[in-house]
Amino acid sequence: MTDGSAGADKPTAMYRKVAADLAREIGEGRYGSGGRLPAQDEFAERYGASRGTVRQAMALPSCAPRD
């Protein structure tokens with residue numbers, strides 16, 4: 001039996017945190033218009049995550065370039 005709160009205390013997946021932070025930083029103009037993002041290795045080190053996790057984060061629509 002469930003009470004509808006399943007996952008309420010579930011931690012956010014690392015790739016989602018990386019994606020949210022990256023989207024926020026892009027929105028704040030941290031990397032400049034048309035600027036290049038730091039290498040995946042830099043993000044991986046920053047978050048203590050694998051490059052695969054960073055790659056997964058960067059593939060989310062929230063990190064896609066905007067016109």
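- Nearest heavy-atom pair across P38 and M58 is O-CE, 4.2 Å.
- Linking Ile, Leu, Val, Met, Phe, Trp and Tyr whenever their side-chain heavy atoms come within less than 4.5 Å puts L37 and M14 in one cluster.
- Looking at L60 and L22, their side chains never come closer than 4.5 Å, going by heavy atoms from C-beta outward.
- For E45, the CD atom counts as loosely surrounded, since its 6.0 Å shell holds 12 or fewer non-hydrogen atoms of other residues, nucleotides or ligands.
- Between R46 and E42, none of the side-chain N atoms (NZ, or NE/NH1/NH2) sits under 4.0 Å from a carboxylate O, so this pair counts as no salt bridge.
- Tracing side-chain contacts under 4.5 Å through hydrophobic residues (I, L, V, M, F, W, Y), one reaches Y47 starting from I26; they form part of the same cluster.
- The shortest heavy-atom contact between V54 and A44 is CG2-N, 3.6 Å.
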